[in-house]
Amino acid sequence: MPTRKPTQTLAAKPDLLLDLVAANRILAMEGVLDGYGHVSVRSDKRPGHFYMSRSVAPQLVKVADIMEHDADSEPVGDDRRPYLERFLHGEIYRQRPDVMAIVHSHSADVIPFGVTRAKLKPIYHMASFLFSGVPVYEIRKTRAENDLLIRDTDLGRDLAASLGKCSCVLMRGHGMTVVGDGLPEVVFRAVYTQMNARLQSVAGQLQGPIEFLSEEEGRRATATNRGTIERPWELWKAKAMATG
Ligand SMILES: [Zn+2]
């Protein structure tokens, strides 16, 4: 019987865990996460491992809820209940050494783009990072009999392969998974992917065709936004943590 590991003994820097709590609350505040979905960050001590909350609604996550997960997405020395879909995190960290943080969301705004021929593309500069393309993961290709959830390493591996080198992968009839080089960037990308989906759905009802950002515009705007990402992060963190 594994014993619960007191959070105080987690090897992570305290600031990293506090930022992970903040990321949970920001994403709940912005409506990217509700009772479901999760955010993780790669371990600063053991790069194959990552930190993520036990199975609890993101708005309620506290530092004491955070567990270390190993490279196979299992909690390390902690018998509390983990998220069912933890495997998507471990497999993306395994396949993408550049990824330092991951958000998985059931955002209703992105669902239409995973079930139709409409492709999610950058409609404005805040979501310019989508220029690299937004693949759609079809879970039936991995497993015909499924419940849509990424509930083991095989499904996580194929989702990670579908993501490829992109920033975001949609999951048919399920949601999206977004990656970044840290918590500020992944939160920024999750918020603005959702906003882009919302705006693209609106624009699609107006006289078309829609003028999307070109690949070059996407590349340039992404570089510009990277330089200012701390500004919304500090604002969101202050608002999200003000409630205690
Ligand atoms: Zn899910």
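No experiment lies behind these values; they were computed from the predicted model shown. In each ligand, atom 1 is the first atom listed, and ligand 1 is the first ligand listed.
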**Q** Under 4.5 Å between any side-chain heavy atoms of Trp236 and Met29, yes or no?
**A** yes
**Q** Who are the ring pair (Phe, Tyr, Trp, His ring centres under 6.0 Å) partners of Phe129, not counting sequence neighbours?
**A** none
**Q** Between Val41 and Phe50, is there a side-chain heavy-atom distance shorter than 4.5 Å?
**A** no
**Q** Less than 2.8 Å from the Zn ion (ligand 1) is the window; count the protein N, O or S atoms in it.
**A** 4
**Q** Within the 3.5 Å criterion, strictly below it, is a donor on Tyr36 or Ser105 matched to an acceptor on the partner's side chain?
**A** no
**Q** Less than 6.0 Å separating the ring centroids of His174 and His106?
**A** yes
**Q** Is a donor from one side chain sitting under 3.5 angstrom from an acceptor on the other, for Glu74 and His69?
**A** no
